[in-house]
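Residue numbers start at 1 and run along the sequence shown.
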Amino acid sequence: MSRKNKVFYTCIALLLSSALLPGCTSGQNAQSSAASSTSAAQQSASGTEQGAVSVTQPQVTFDADDSYTAWDEGSATAIAFSGTAASVSGAGVSVSGNCVTITSPGTYVLTGTLEEGQLIVDAGKEDVVRLVLNGVSMHCSTSSPLYAKQAGKTVVSLAPGTENTLSDGSDYVFPDAESDEPNATLFCKDDLTLNGTGSLTINAQFNNGIASKDTLKIMEGQITIDAADDAILGRDLLVVQGGTVTLRAQDDGLKSTNDTDAAKGSIVISGGQLDITSQGDGIQAYAGLFISGGELRIVTASGSANAAMRTDGNEMVRGGFPSAEQTVQEDETSAKGLKAGGLLSITDGTFDLDTLDDALHSNGALTISGGTLALATGDDALHADGALSVSGGTLDISACYEGLEGTSIDISGGEIALVASDDGINASDGSETTSQGMAAPGSGGNSNCAITISGGTIYVDASGDGLDSNGSITMSGGTLLISGPVNDGNGALDFDGSFEVTGGLLIAAGSAGMAQTPTQQGSQNILSMTCTAQQAAGTPIVLTDKEGNTLAAFTPDKAFRNVILSLPSLAADSEYALTCGDNTVSFTAAEGITYLNESGVTTGGMGGNMGGTGNGRIPGGDGQTPRGGNGAPRN
């Protein structure tokens, strides 16, 4: 299912000396350990970002009615359709022409074909009405063929081994000019549960496929929907626990819309198989989106290949979904994969997303602590207007504009591999001072913006900046490998404040024109090598000690001229050799930052590389003053 990046396995195949890990003997291969700092996957979104709502994960409860699928033919009411007529055996039903109305609680078994007509549930406000679809086909050309007008809960059970269909016409006739419902092929004004192992196919030609104005739960079943607008809508709460759900929607696939109650409007997915093809968002929650299991495949607006990116100087002008700094008009249609107005939380599951717009988007906070995600997008892979955190899981991002973007970004675990046409990881809040770039060295940048890396394995292939923070960067653990950019208008590292390294393995290979080295506030020593000529893509970078033991090795997939390297075993006053292709430089490491070119050790750098503050460029570079970051939150 996953489109695993070949790059992830080829470029993370470095020879890491055991010197990276305390207690290991020299010469052994070792992997960096991910410091297991677990962020709370169910924390509240900030509620202060653009359009964000404050939300925590709702408590989902199930009762016996949600899972009960059996029925007793002796006590159930049978409704058999034929053409435009219906025959009834049992109580609780009235028939008027081709309209059947259920007025009492109980179990009703539906069979046969209703070529033109409607079934209406109009029972008491606390009643539970169970509809067993036992091989039934229902069509209504002017309204919902199945309309639950009133009940405490309506349960639709799909009888085992049966095929059931619902369809409507393209124009509804409402009672008066003020009415706009029912507006779905299966419409429920109260709670709605779907269960059973049979199948249900819905052809929604007018508007939505399934809609509930309260809580909608999908327990199991094989559900296929082709909708003129949204496929499945649960206004207050939408829960998917199981089933095989295939959706084709001209707008959104799954949607929850309550915008008047702070405790409502969320989507919770804990299992099932969802295959969604939509022209709008794959899954959109007004409040929070919480996923703890299941298999999700989502394609929006024909996928990432439809983004029609083109290069215009140093800017990426993207068809449909530009960043705030770009001047092209944004398309009105949102075509994101997973979208939340508040917290978007993923703790487990398998994801295969190919989207025109952001693959994962939150107007508040976004957290990932588990799961396997394969993402391709014409815009950002992960975007949060607030805080973005990754503490576990596997992220394989084969195509994106920017990989991870948020006001603050915290990576404490997991495996991340990404290929970005612009910045790989970008901390920005979209404010005027940061989105315009060109922050002065030593200015400190935006205090709201930060990138923090304490664990995990990260590989970045970027055409723009590898890491770009409009504030600070700190690294205390994990493995960070950066390939690119090639363009001298960008750098492998770009920060407006400080970049402190106190642990972990860092290797960044990119252009030299705007290259920055980490600042000297960190406790771990830094090496910066600038080659006279650009090194070709695929040129190995190897660091060895004086005995010839390999301490670290990396083969970038992009051409490079500057290399930044830091690891725990890089000790001051010790002898090393750094090889970039055919060039080997022997040197003695300094305390803090050691600058090299092909002739050996050079003098200190500018800005932060001189006095330990700021963020100046490296010696031997040929660029300008480092620019600030870019990017802005988008709804």
Ile409 vs Ile411, side-chain contact (heavy atoms from CB on, under 4.5 Å): CA-CA, chis, key distance, verdict | CA-CA 7 Å; Ile409 299 172; Ile411 302 173; 4.2 Å; yes

Donor-acceptor pair, [X] side chain versus [Y] backbone, under 3.5 Å?
X      : Y      : result
Ser469 : Ser472 : yes
Ser157 : Ala159 : no
Ser454 : Gly478 : no
Ser362 : Gly342 : yes
Asp252 : Asp281 : yes

Applying the side chain to side chain contact (heavy atoms under 4.5 Å, CB included) criterion to [X], which one of [options] satisfies it?
X      : options                        : value
Ile218 : Ile223, Leu274, Val239         : Ile223
Leu467 : Ile453, Leu404, Asp423, Leu506 : Ile453
Leu166 : Asn203, Val136, Ile210, Leu200 : Leu200

Side chains of [X] and [Y] only: does a donor on one sit below 3.5 Å from an acceptor on the other?
X      : Y      : value
Ser428 : Asn470 : yes
Thr377 : Thr355 : yes
Glu405 : Asn426 : yes
Glu220 : Asn195 : no
Ser212 : Asp214 : no
Asp410 : Ser408 : no

Ionic contact status for Asp230 with Lys255, cut-off 4.0 Å |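 Salt bridge between Lys255 and Asp230, a charged N being under 4.0 Å from a carboxylate O: yes.
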
If you compare all heavy atoms of [X] against all heavy atoms of [Y], which two are closest, and at what distance to 0.1 Å?
X      : Y      : value
Thr107 : Trp71  : CG2-CB, 3.8 Å
Ala287 : Lys264 : CB-O, 3.5 Å
Ser278 : Gly280 : OG-O, 2.9 Å

Gln273: what forms a side chain to side chain contact (heavy atoms under 4.5 Å, CB included) with it, not counting sequence neighbours?
->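 Per chain and number, Gln273 pairs via side chain to side chain contact (heavy atoms under 4.5 Å, CB included) with Thr244, Glu295.
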
Apply the test side-chain contact (heavy atoms from CB on, under 4.5 Å) to residues Leu289 and Ser345: give CA-CA distance (whole Å), side-chain angles for both, the deciding distance (0.1 Å), then the verdict.
-> CA-CA 6 Å; Leu289 174 55; Ser345 169; over 6 Å; no

Do [X] and [Y] come close enough that some side-chain heavy atom pair is under 4.5 Å?
X      : Y      : answer
Thr246 : Ile225 : no
Leu481 : Ile458 : no
Ser270 : Phe290 : no
Leu480 : Leu505 : no
Lys336 : Gln284 : no
Tyr459 : Glu415 : no
Thr154 : Leu131 : yes
Ile276 : Leu254 : yes

I'd like to check the salt bridge (charged side-chain N to carboxylate O under 4.0 Å, His left out) partners of [X]; sequence neighbours left out, ordered by chain and number.
X      : value
Asp226 : none
Asp63  : Lys153
Arg130 : Asp65

Steps toward side-chain contact (heavy atoms from CB on, under 4.5 Å) verdict (Lys339, Ser334) = CA-CA 9 Å; Lys339 178 180 176 181; Ser334 174; 3.3 Å; yes

Evaluate the criterion side-chain contact (heavy atoms from CB on, under 4.5 Å) for residue pair Ile368 and Leu382; output intermediate values, then yes/no.
-> CA-CA 10 Å; Ile368 297 177; Leu382 278 64; 3.5 Å; yes

What distance separates Asp127 CG from Gln150 CD, expressed to the nearest 0.5 Å?
->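 CD of Gln150 is found 8.5 Å from CG of Asp127.
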
Solution key, residues 181-194 side-chain donor-acceptor pairs under 3.5 Å, sequence neighbours excluded:
residue: Glu181; atom: OE1; partner: Lys213; partner atom: NZ; Å: 3.1
residue: Glu181; atom: OE2; partner: Lys189; partner atom: NZ; Å: 3.2
residue: Thr185; atom: OG1; partner: Asp168; partner atom: OD2; Å: 3.0
residue: Asp190; atom: OD2; partner: Ala151; partner atom: N; Å: 3.0
residue: Asp191; atom: OD1; partner: Thr215; partner atom: N; Å: 3.1
residue: Thr193; atom: OG1; partner: Asp66; partner atom: OD1; Å: 2.7

Of all residues at least two apart in sequence or in a different chain, which pass the side chain to side chain donor-acceptor pair (under 3.5 Å) check with Thr165?
->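 Only Ser137 meet the side chain to side chain donor-acceptor pair (under 3.5 Å) criterion with Thr165.
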
